[in-house]
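Below is one structure, written out as structure tokens, with a few remarks after it.
Every number for a ligand or one of its atoms is a count from 1 in the order of the listing.
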Amino acid sequence: MKIEAFRLERFYSRFEFTTQYLLCSSDCEAMHIHDLLSLEEGAHVKFMKQWLGYTETLGSHKLREEITKLYSSASPAQVLVFSGAEEPIFLLWHALLEAEDEVIVQFPCYQSAASVPESIGCKVKPWRARFENGAPFFDISELRRLISPKTRAVYINSPHNPTGYHFDERQYTEIVSLCQSAGAVLISDEVYRELELDPSSRLPAIVDVYEKGVSIGVMSKAYGLAGLRIGWLASKDDTLLRHCAMLKEYTTICNAAPSEFLAEVALRNRHHLLNRNLDIIRHNLPLLNDFFSRFPDIFHWHCPSAGSIGFAKWKLDLDGMALAEDIVKKKNVLILPGEVYDEPGFFRVGFGRRNMPEALGRFEEYVMEELISKHR
Ligand SMILES: Cc1ncc(COP(=O)(O)O)c(C=O)c1O
């Protein structure tokens, strides 16, 4: 299989563990195992007694039961557990697609959504974001133009990586009805779901509203537990689920037993984790808004209403990659250049981490010292 290098992961692998301040992380603040176990009486002791044999390929029944509480209509048999969200994206595309199939993917995107179908030999039609003064927008009439009975699947992600865009209920319903008319599978990457600042803007999970809908979820983002490497998909299509489970026997076979146990504890206490992470976001966002408003000649910024990331635009004509490297060198701060998404001129900002204010402070120093004083 020939597959394009994952540009975002290539970039991260150079800087993530050597740069002190990450101003672009998409995952919310993590925690120690000790603190997670403290959320539940008796969990420490049970964790110590966790058996370290192989686990069920589908994911433990108890974990799948906890996962179904995120949905209104899915049963444990309709949930499959994987390593992160990356594995189900990869396997789902392989289970669904054959060469020459046509799919539609929101662009820019988390790259595996597009590169995996491309590697299978499929035609990937981009549903592109439009930007007006830096504010992202996905036009439903554009999707209407792209979709046809030839469309095998549509891949959406809301809240969206990297733009922070979040569909409203009307748009969401239209997307579902377009897929229904075309007979297309609708894959909804819901890894940032439950991070809506206004809970009334939370969209129903796709598995609950469309018979051909597949929801992808993960512990990494809203719950801040990326190190568990636990993700899942939920679908009402038994054949598709069986196919994905069969393919998993060629990748990870089953999940790590300690991670399954910890994910179960975390999901039982998910409101506690979500409140903690939303508090961090509510603290960080006004600081970002204030920062960007003080440099109107340098940035376009549109404050997202959900999720943990936003996409800022440079008003200056710069080499985004070289600039990001220079910021690491001079200030030990990492931003994610839009180049990794094929969107030069933009950069991704993450605001779900506790040390974001310090990271932003150092970024501001860079802006003042290198961009304002030198270009004046
Ligand atoms: C939209 C989206 N989907 C899937 C993933 C993969 O999640 P994980 O790294 O937990 O496997 C990410 C990670 O950044 C993402 O942003």
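Note on ring orientation: taking the six-membered ring where Trp is involved, the planes of F299 and W314 are tilted (angle from 30° to 60°). Ring planes of H34 and H44: tilted class, angle from 30 to 60°.
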Query - Working for salt bridge (Lys or Arg N to Asp or Glu O under 4.0 Å), residues R170 and E174 - result: CA-CA 6 Å; R170 189 185 50 79; E174 280 191 64; 3.0 Å; yes
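In this structure, K248 is positioned above the aromatic face of F82, its NZ or CZ under 6.0 Å from the six-membered ring centre and within 45° of the axis.
We find that K150 and D101 are not joined by a salt bridge, their nearest charged nitrogen and carboxylate oxygen being 4.0 Å or further apart. A salt bridge links E4 with R7; the closest basic N to acidic carboxylate O contact falls under 4.0 Å. Between E358 and R362 no salt bridge is recorded (no basic side-chain N to carboxylate O distance below 4.0 Å).
Ligand 1 lies out of reach of D27, whose nearest heavy atom is not under 4.0 Å from it. The closest approach between a heavy atom of K221 and any atom of ligand 1 is below 4.0 Å. For S26, the heavy-atom gap to ligand 1 drops under 4.0 angstrom. The closest approach between a heavy atom of M219 and any atom of ligand 1 is not below 4.0 Å.
Close approach of ligand 1 to E86 is summarised as follows: ligand atoms under 4.0 Å from at least one heavy atom of the residue are 6 (C), 11 (O). Against a heavy-atom cut-off of under 4.0 Å, Y192 is close to the following atoms of ligand 1: 1 (C), 14 (O), 15 (C), 16 (O). Interface atoms of ligand 1 facing N157, defined by a heavy-atom separation under 4.0 Å, are 1 (C). Near V218, the atoms of ligand 1 lying under 4.0 angstrom from a non-hydrogen atom of the residue are 10 (O). Which parts of ligand 1 touch G84 is read off a 4.0 Å heavy-atom cut-off, strictly below it: atoms 11 (O).
Nearest non-hydrogen protein atom to atom 10 (O) of ligand 1 is S220 OG, 2.5 Å.
Of the listed options R229, E87, E9, R229 places a heavy atom closest to atom 9 (O) of ligand 1. Atom 7 (O) of ligand 1 has its nearest heavy-atom neighbour, among A85, A113, P159, in A85. Here the shortest heavy-atom distance to atom 12 (C) of ligand 1, taken over F90, Y110, Y12, F82, belongs to Y110.
Looking at ligand 1, you'll find an N or O of D189 within less than 3.5 Å of one of its N or O atoms.
Taking the centre of each ring, F291 and F363 come in below the 6.0 Å mark.
Looking at every heavy atom in both residues, Y341 comes nearest to P162 through CZ-CB, 3.5 Å.
Checked options R128, R130, K125; the residue passing with E142 is R130 (criterion: salt bridge (charged side-chain N to carboxylate O under 4.0 Å, His left out)).
Looking at I89 against ligand 1, only its side chain comes within 4.0 Å, counting heavy atoms.
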